[in-house]
Amino acid sequence: MSQLFVFPRDSGALTTLKVKSSDNDLELPPPRKVARHGSASSPHKHRSSIIGRAGDDMIEIRYVQRPQSLETANLFSQVAKFIRTFLQTDRTDYVASVSLEHIHDACKVLVLEGHQSEALGKVLNTGLRLGSEDISKELKSSNLSLREYLGKLLKWWQWWQGRLDTLRAVLLFLDIVYFASHSEKLSIRHVDLLAHQQRLLNSSSRENGLQRFKDTVVFDHSTRQKIEEALKVWSNGRRIGEPTIDDSQLTQLTKCMEDLDCYDQCIEEPYLRCTAEFYERGSTRDKSQTAKEYLEYCIKAYKQEEGEEMDVLHPRTRVTASIIALQKLVMPHIDLLAREALAEVITTRDQGHFAALHNTLMRVTSSSTSWTTSPSDALLDHYKNDILSRVKDIVTDSENDTKMVDRLLELKEFLDTCLSKEFLDDVDQNERQYTYATSEAFERGFACRRIKPAEMIDKDAFRTFYNRALAKRLLLGRSASDDFEKRVLQELSKSYDVAFTDMTQMFKDLAVSEDLMKDYQKPKRNERQRPDPSLSVSVLQHSVWPIVKKASKTSGGVEIRLPHKMEEALNDYADFYRMRHGNRRLTWAHYLGTATLTAHFPTGKKDLIVSLYQAAVLLLFNERDDWSTEEMEDRLALAHAAISTEMTELVPTIQSLALGNKLVLRRTVKRGGRSVKRDDRFSFNEEFTDSKMRVRINTIQQNDTVEESQQAVKVIDQHRDASLEAAIVRIMKAAKTMKHQQLVNETIDAVSKHFRPDVNAIKSRIESLIEREFITRKDGNANVYAYLA
C-alpha cells in the first residue's frame, strides 16, 4: 500500500515539553477516548482522537480509520460513473449534482487502501477516449464556415482544458500516487512536452487528456484540412489587404497548437505550403511592370512576411516564409533582376534600390547550397558587364570630352557609396568582390580608347582638375575644413605628385585677402566711410588660381554691367588696393561672385543667397515690373545665345530664377519647356514662398563648366608640350646622337610617371625643336638626330 507520509522511528517530537507552572495552573483531567459519529454517506464514518497528558503538557493526536462497513465496490462504481459522465459533452446535469469533495475522498480511499489504481486508470483512459471522440464527431457533423468552425474548435478546446483541470484536482491521488509511481503511464493532463520527452520514447500508451485531444481531434484528417484552409484564407487575405478571419482566432489557434506541442505539424508546415502556392502564382510578371517595379514587389513581399502583419505566427515561421516568398518570386526572374533591374537602378543613381537588389539576391543565395550559378554570382557578373559598358560609353563619347572626367568620377562615387556599410548586408564579405569588379571594369573601359582617356587620367590631368575643384570649393565656401583640405594636399604630394604642394598657396592668398578686408573695413581718420560695409573681396593670383577670364560677347568689352552701387563699392576697393600695391592691377571675376539680397514678399521678407549674375538680374525689377530677355541682355551686357544650341550666361541665369526650383521670377506668357527666347518677358513673383528665412538659389553653370574645362585641357596640353621638349633636350644632350625610335621610346619613359604621351605629340615636339635649332637631322638622315650645342 502506498503511503502519503511515514513517522520517523526515532524522534523527540512527542517528549515532554517542560514549561514554567504557577500555583494558578489547573489540573487537567486524565486521558480519555472520545468517539465522534459522522453521516452515513461519508467515507470517513469513524473519526477518533486520543488526548494524552505528559507532565504539564497536553498532546492530541487525530487519525482517520477506513470504514469497514462501506464496500470498496460502491466507491469504485461512484468514481467510475463520475469519470465517464464528466467527460460526456451532453451530461452537464449529472455533473452539477455530484459532490466533487465526495469523489475526491472516495478516490483517495480507493488509491491508498483499495488497490484500485490500475482499474481507475483504465476507466479514466476510456473516458478520455470517448470524450475526445464525442468532440470530434461534433465538429464533423457541423456544416460551418471556416470562421465558425475555428470558433467551435477553440470553444471545445477550452471546455476540454477545464474538464481536465477539474479531473486532476478531483482525482489528485490517482494522478500523483499512481501515475507518478509508474513511469510508463501518463498523467491526467500530460502532453508530449519536452520535459517528458525521453520518458515517453518508451511509453506504450498515450491515453491521457491532452494527448488524446491532440490524437483524436486535432490530428483528425478533416480537422487538419480545416486548419490548413483557415491558414490559407487568413494569410492570403492579409497579403492582398482583405482579411476575412480575425487575428484573434488565429492567435488562440496558435496558442492551442503550442500547448499541444503540434505547432510545427498543424501551423507552420501548412502555412509554409500556402505561402509557396501563393507566391508561385504571384511570380507571373505583368508585362507592364518594369524590372525595378518587380524588384519593389519582391521586397514588399518578403518584408510583409517578416512584418507585424503576420505576428500571430512564430518569428522563425515568418522568416522561413519570407525566404520561400523570395525563392518563388526571384528564381524565375534572376536574369531580369540581375541585369535589367541593376541597369535601371544604376542609371537612376538609386542607392536604396541598389542595396535592396543586392541584399535580396544574397538572401536567396544563402537559402540554398545547391546552386549551379547562384543569384549573387549572376548579379556580380552583370554588374561587371554593366559598369564596363558605361565606362566604355563615357570614354568613347568624344563630343563630351570636357565632361568625361566629371562623369567618370560621379559614377565611381555613386558605386563607392552603394558598396558602403550603410547600404550592404555582409559588406565585409562582398565589398572586395565588387571593388575588384569596379576596378576591372574601369580599367577595361579606359583601354577602349587609347588616346584621350589615357590623358584624362594621368597625374598632370588629375592635378589640373583637382586644382580647379579645390579653387571652387574654397571660393564658394563649400569646403568642410581648410585643415582637412591641407592634409589631403599633403598626402597627395607625398604619395602621388609633389606638384600638389603648390596648391597650398591658395590658402595663403585667402588669408592675405582676409587681412586686407579688415584694413579696408576700418578706414583711417582722414578717409571717408566705405560705400558698402558688407563687401567682401578675395584677391587671387593668376599664377596660382585656375581662373577663367570671362570674355564679353557684346561690344562693351565688360563681363557684366553691375548696378551703380555695386560698381561704386568695387571701384572704392580697387582704389584702396592700388594705394597698397601700386604696381598690381585687379581684374574682376564676377562669375565667381555671390550676393545676399533682401526680398520683400506679401508673406514676409526673405534673404536670397544668389550669384552676382542672379543678383544683377533681380535688381532690375526694382526699376520696373517686367523685362524681356533682350532688354536684360542690353542692360547687363550678358549675351543671349547667338545660336540656339549655345548656352551663355544670361540664359542659365534666367532659367535658375524663373524656371528652376525657386521661382522668384515668372514668365508672363506661360508655355512649356525651359528654353528662353529673346521676346520672353518676366516679372517678379510675389507669390513665392519658402519655409526657410535664408533661401539659396543655385545657378545653372553649364557655360562656365565648359569654358573652364576647355581652359584646363589647354593648360594640360601646354604643360605636356613643355615637358616633352624638356625631356627630348635632356636625352639628346646626354646621348649627342640617337635614332628616331629610340628617342621616342626614351621620351615616353621619361614622362610616363606624369602622363602617357601620344607618339604623334612627340614627333610634333621633335619637329618644333629642329625648327628652333635645338637638334638637327644628322647628315640628312631623317631617322637619326644630333644635338646642337
Side-chain angles (χ1 to χ4, degrees), residues 348-349 400 402-403 406-407 410 472 476 478 550 552-554 559-563 590-709:
T348 57
R349 299 297 191 265
N400 292 296
T402 57
K403 300 177 182 178
D406 290 335
R407 292 169 66 191
E410 186 273 333
K472 277 196 170 184
L476 299 179
R478 295 177 182 172
K550 304 296 281 190
S552 174
K553 294 178 174 62
T554 63
E559 182 184 342
I560 184 175
R561 294 195 190 102
L562 296 175
H590 294 318
Y591 80 103
L592 292 173
T594 59
T596 301
L597 304 181
T598 301
H600 296 271
F601 298 94
T603 57
K605 67 179 182 178
K606 303 284 185 184
D607 289 338
L608 305 181
I609 304 172
V610 294
S611 71
L612 206 55
Y613 287 178
Q614 291 172 321
V617 170
L618 288 174
L619 290 173
L620 291 177
F621 292 88
N622 282 339
E623 301 178 15
R624 66 179 198 227
D625 293 338
D626 68 286
W627 291 76
S628 69
T629 305
E630 188 172 6
E631 290 170 343
M632 285 188 275
E633 176 185 343
D634 294 339
R635 180 64 177 273
L636 300 176
L638 279 175
H640 184 273
I643 305 174
S644 60
T645 57
E646 181 185 356
M647 182 65 71
T648 56
E649 289 84 354
L650 182 58
V651 171
T653 301
I654 294 176
Q655 287 175 332
S656 65
L657 297 172
L659 304 172
N661 295 325
K662 310 291 184 181
L663 305 180
V664 293
L665 299 180
R666 61 184 174 188
R667 187 158 46 191
T668 55
V669 179
K670 294 184 179 181
R671 59 180 179 81
R674 299 186 62 185
S675 61
V676 177
K677 298 181 178 179
R678 286 184 177 277
D679 58 350
D680 283 345
R681 300 194 70 84
F682 299 89
S683 62
F684 186 68
N685 182 16
E686 295 184 350
E687 298 177 358
F688 172 78
T689 58
D690 196 279
S691 59
K692 297 180 180 178
M693 181 64 186
R694 294 173 61 84
V695 182
R696 183 181 297 276
I697 303 177
N698 296 324
T699 185
I700 303 173
Q701 299 180 342
Q702 294 179 5
N703 194 58
D704 291 349
T705 302
V706 171
E707 193 170 348
E708 291 171 0
S709 299

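What you are looking at is a predicted structure, and each value in this text was computed from that prediction instead of being measured.
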Any chance [atom1] of [X] has more than 12 other-residue heavy atoms, nucleotides or ligands included, within less than 6.0 Å?
X	atom1	answer
Arg349	CZ	yes
Glu623	CD	yes
Asp625	CG	no
Glu686	CD	no

Which distance, rounded to the nearest 0.5 Å, do you find between the [atom1] of [X] and the [atom2] of [Y]?
X	Y	atom1	atom2	value
Glu687	Thr603	CD	OG1	10.5 Å
Thr598	Asp607	OG1	CG	4.5 Å
Arg678	Met632	CZ	CE	12.0 Å
Arg561	His590	CZ	NE2	12.0 Å
Thr629	Asp679	OG1	CG	7.5 Å
Leu657	Arg667	CG	CZ	13.0 Å

Are [X] and [Y] packed together at the side-chain level, in the sense that at least one heavy-atom pair is separated by less than 4.5 angstrom?
X	Y	result
Val664	Asn685	no
Leu636	Leu620	yes
Val676	Leu659	yes
Val617	Phe682	no
Leu665	Leu618	yes

Minimal non-hydrogen separation, [X] against [Y], with atom names:
X	Y	value
Lys605	His600	CB-ND1, 3.8 Å
Ser675	Asp680	O-OD2, 4.0 Å
Ile697	Ser656	CG2-O, 3.7 Å
Leu608	Ala599	CD1-CB, 3.8 Å
Ala615	Leu597	CA-CD1, 3.8 Å
Asn698	Gln614	O-NE2, 3.6 Å

query = Would you call the rings of Trp627 and Phe621 parallel, tilted or perpendicular, where under 30° means parallel and over 60° means perpendicular?
reply =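 Trp627 and Phe621: perpendicular rings.
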ask   = Would you call Lys662 and Asp690 a salt bridge, using N to O less than 4.0 angstrom?
value = yes
ask   = Is there a donor-acceptor pair closer than 3.5 Å between any side-chain N or O of Ser683 and the backbone N or O of Thr668?
value = no
